[in-house]
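Here the structure is laid out as structure tokens; the discussion comes afterwards.
Chain naming here is simple, since letters A, B, ... match the order of the sequence lines and numbering starts at 1 in each. The structure presented is a predicted model; accordingly, all values stated were derived computationally and were not measured.
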There are 2 protein chains.
Amino acid sequence: MAKRADRPADPLKLIGLLWREQPPAPRSGITTRQVVALAVDLADREGVDAVTIRRVAEEAGVTAMALYPHIGGRSELLELMFDHVAGQTYERAPAPVAAHWRERLEAVARANWAACVRHPWITDLSPGRPAPGPGTSAKYETELRALDGIGLSEVEMDQTLTALLALVTGAARAAVAAHRVREHSRTSDTEWWRAIEPALAAAMGDSDRFPVAGRVSRAVGESTGRANDAEGAYRLGLSLLLDGLAGVVEGRRA
Amino acid sequence: MAKRADRPADPLKLIGLLWREQPPAPRSGITTRQVVALAVDLADREGVDAVTIRRVAEEAGVTAMALYPHIGGRSELLELMFDHVAGQTYERAPAPVAAHWRERLEAVARANWAACVRHPWITDLSPGRPAPGPGTSAKYETELRALDGIGLSEVEMDQTLTALLALVTGAARAAVAAHRVREHSRTSDTEWWRAIEPALAAAMGDSDRFPVAGRVSRAVGESTGRANDAEGAYRLGLSLLLDGLAGVVEGRRA
DNA sequence: ACCTGAACACCGTTCAAGT
DNA sequence: ACCTGAACACCGTTCAAGT
């Protein structure tokens, strides 16, 4: 959750900022690109909420108001940051070019999961109509190529990609949130539950109102040491989704 | 994206607020339950960002500071709101009790999709370690029962549910975000693209750098009239996931 | 015990003024 | 053309003071 999404980014202004090659050589020596990189670093270290205009300006060594010509406004800055990290998704990870489509899609999922681990704050941003920037466009192209030529229609390619990314991002979100609570309280999940349990039991009145949930929670706690296993959910979910896709693809080939 | 997630909710304070039966009969006549219901209505109408302490207090007819004993703080209020709507997920929708597990899981997905449509702001909230409140607990129990007795281990039940909800929520998030932009600009996606295209083409320099993306975008635009079909992605993704699960379940029965 | 008013330390953004 | 300082209209939250 970030601050002030009140005003959505102005699309036309944003496109100008996203695609412009020549920064307007300002007095202060700052460029859009540099400011965005600074903001991304800040978000990596302290989260989106730390990315305030004033704070970014301070890091850039200018006043807050000097930033506006370079970044538009806070909403536009967030979109620029999003496009920036989107463009880096397949820089460190190998491009998904394996021979078998299943390996390619697994590489896509892995790269997106890694991006969420490296930049946890992107799970806080609403994707919305994805920013039509250079980074996002390149990422989309790379990912669609992994899905191309396996017998799906164009619409199915887009829907499959959206579904796969929804699964990865959704699970990553849960993992990130759990990790934050864990870090914040400096306790493991089991410790946390032990601390919480007396208050909870007293409040619930001990009645076994949630038998299946209780049984599952105990099993998950014992086997993973955590209240939820988001990464396991991601792996299993991906595997099921790809199994389903294999059925469709092979069904058509026959 | 909402305001101020800086401070996470205090777990023990939160549990007290979530489970207490007897509101402390205050002078003003307001109760935690009423304030939460008011805040949910406000969020439904104007989004999470409109849910400020001052604004909610105004709606409740008290000063901002009078709210604190009832809701803890803003973070806790958001968790209370989340638990409130979680508890309503299966009130309007029929409980997932069909004979076949596939129908039960489809009902689970449908109910969660409907909740996101009714309360779009819940897609802005980080789920995190889910608030251990009465609503969330009841929802979890209902959903696990839909997965019980079909041959999965407890850990697999939890992971499957998490994956399914990640898929539904992730797709719903994209759908909500697209809907917001559409509503804000009062234009359809195709109109929006037409307005954007000249600026974009000029910026990109017409070079066909994204051939597959271009081909897919055109096809999606022609067949759905939209830039993205999040609902289609949800349907297809769910169907593939359940196909995959059917393979696992049937494989074990044999 | 509960509520209030004033205050504190923040926000994003505007706008006239400087260079 | 770019940057600055001051200001505006907000935030969440604290805290002493009232009843």
Euclidean distance, atom CG of residue A:Asp49 to atom C1' of C:dC11 [Å, nearest integer]:
11 Å

If you round to the nearest 0.5 Å, how far is CZ of A:Arg118 from CZ of A:Arg92?
4.0 Å

Answer yes or no: is there an ion pair linking B:Asp158 with A:Arg226, defined by an N-O contact shorter than 4.0 Å?
no

Atom-pair distance (NE2 on B:His70; C1' on C:dC2), nearest Å
8 Å

Could you state the atom-to-atom distance from CG of A:Leu77 to P of C:dC11 in whole Å?
14 Å

Under a 4.0 Å threshold between the charged nitrogen and the carboxylate oxygen, would B:Asp49 count as salt-bridged to B:Arg55?
no

Which heavy-atom pair separates B:Leu167 from B:Gly237 by the least distance, and what is that distance?
CD2-C, 3.4 Å

Any side-chain donor near an acceptor of the partner, A:Asp83 and A:Thr136, under 3.5 Å:
yes

B:Glu91 bridged to B:Lys139 by N-O distance under 4.0 Å:
no

Using only side-chain N and O atoms of A:Thr63, determine if any of them is under 4.0 Å from OP1 or OP2 of D:dC3.
no

Listed pairs, N/O of protein and of nucleotides 13-17 of chain D, under 3.5 Å:
| unit_1 | atom_1 | unit_2 | atom_2 | d |
| --- | --- | --- | --- | --- |
| D:dT13 | OP1 | B:Arg7 | NE | 3.4 |
| D:dT13 | OP1 | B:Arg7 | NH2 | 2.8 |
| D:dT13 | OP2 | B:Tyr68 | OH | 3.2 |
| D:dT13 | OP2 | B:Arg74 | N | 3.0 |

Cationic N near anionic O, under 4.0 Å, B:Glu59 to B:Arg45:
yes

Between which residue ranges does DNA chain C form stems of three or more consecutive Watson-Crick or G-U wobble pairs, both distances under 3.5 Å?
C:4-8 with D:12-16, C:12-16 with D:4-8

Please report, rounded to the nearest Å, how far the C1' atom of C:dC3 is from the CD1 atom of B:Ile71.
15 Å

Donor-acceptor under 3.5 Å (B:Trp113 side chain, B:Thr169 main chain)
no

